[in-house]
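All values derive from a computational prediction rather than experimental measurement. For reference, positions follow the sequence shown, starting with 1.
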Amino acid sequence: MPSEVALLESRTLRADHLGRVDVLEKVKALQLLPDGLHVTTEGVAQYFVVHRDAVHSVVKRHREELSSNGMTTLSGDDLRVDDVAKTATSSDSSPESYPQGRWHLRVFTRRAVLNIAMLLRDSEVARCVRTYLLDAEEDARTVIASDPRYDGLDLRVTNLEGSMAQIGPALQELGPVLRRMSVRLEAMDHRMAAMDRRLEVVDGRLEGVDRRLEAVDHRIESVDHRLESAGRRLESVDRRLDATNHVVGALSVRLTDLSEDVADIQRRLPHPPHPPHPRRKRRR
């Protein structure tokens, strides 16, 4: 069984126990951020009942190891996505809080907090976590060694833990990528919503154009009806003019016939006698 000192000194031994993040909640409640995944520097210090400078010192000495196990610094869009700006602001209002900026915040996953528990020397809570880890490991080994049903299971569990230790960092690396994807998707949603609003406005305008075109169609239909009526009237006038022309032609023929008859009658009548000339009176 490895000793607590070996756990403090060996990164390899610490890596073998990083899958037991459930130990943290069994020792003490851990105050997580609203995203349910991360803890601030102040939250880690409160969990281990130490000054924040002690956490900062551990981070300074083991930055690479903690970063590989989930410690990260959020800023910009990532900070707004994780909804921790409010937490950072509230921590700044406390005179004992670590002065985190509004636009950047260091956070830890459960795995990183368990990593700190295996590095922090001057914390009774961290010592309890390490003891719980070592005792649980010893109990498991005792049970496995005394039960023949678990022959070869220890090696399989060790291999499984090693595989999980490799999968964990990969999943943690996916976290920022997923957050950025979420930000982009939200931006895309906003753009789609704006596009929908614009399309609604365009639809309204098109409906207005359709109504105007319908009104124009009605007017054109009315003009067509009027033109058809005028055409019918012109046809009626043409027919009347044709009839009038026929009547006038017939009258002309009749008048011609009458004039010829009158001339013929005048030729047949005898000439009237000439009236006598009046005599002139002689002057005396």
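Applying the salt bridge (Lys or Arg N to Asp or Glu O under 4.0 Å) test to every pair with at least one member in residues 64-75, sequence neighbours left out, gives these pairs: R11-E64, R14-E65.
Take R268 and apply the side-chain hydrogen bond (donor to acceptor under 3.5 Å, both in side chains) test, not counting sequence neighbours, and it matches D264. Residues passing the side chain to side chain contact (heavy atoms under 4.5 Å, CB included) test with E124 are R127, C128, sequence neighbours excluded. Qualifying side chain to side chain contact (heavy atoms under 4.5 Å, CB included) partners for S222, counting only residues two or more places apart in sequence or in other chains: R226. For the side chain to side chain contact (heavy atoms under 4.5 Å, CB included) test, residues two or more places apart in sequence or in another chain that qualify with R197 are A193, A194. Legend: residues meeting side-chain hydrogen bond (donor to acceptor under 3.5 Å, both in side chains) with D22, ordered by chain and number and at least two apart, are R20, K26. With sequence neighbours left out, the side chain to side chain contact (heavy atoms under 4.5 Å, CB included) criterion links R212 to no other residue.
Hydrophobic side-chain contacts under 4.5 Å tie L199 into a cluster, directly or through other members, with M195. When hydrophobic side chains of Ile, Leu, Val, Met, Phe, Trp and Tyr are connected at separations under 4.5 Å, V202 ends up clustered with L206. Under a 4.5 Å side-chain heavy-atom cut-off, the cluster of Ile, Leu, Val, Met, Phe, Trp and Tyr residues that includes V223 is completed by L227. Other members of the cluster containing L213 are V209, with ILVMFWY side chains joined at under 4.5 Å, either directly or via other members.
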Kindly list each side-chain donor-acceptor pair under 3.5 angstrom involving residues 244-257, sequence neighbours excluded, with atom names and distances?
unit_1 : atom_1 : unit_2 : atom_2 : d
T244   : OG1    : R240   : O      : 2.8
N245   : ND2    : L241   : O      : 3.2
S252   : OG     : V248   : O      : 2.9
T256   : OG1    : S252   : O      : 2.8

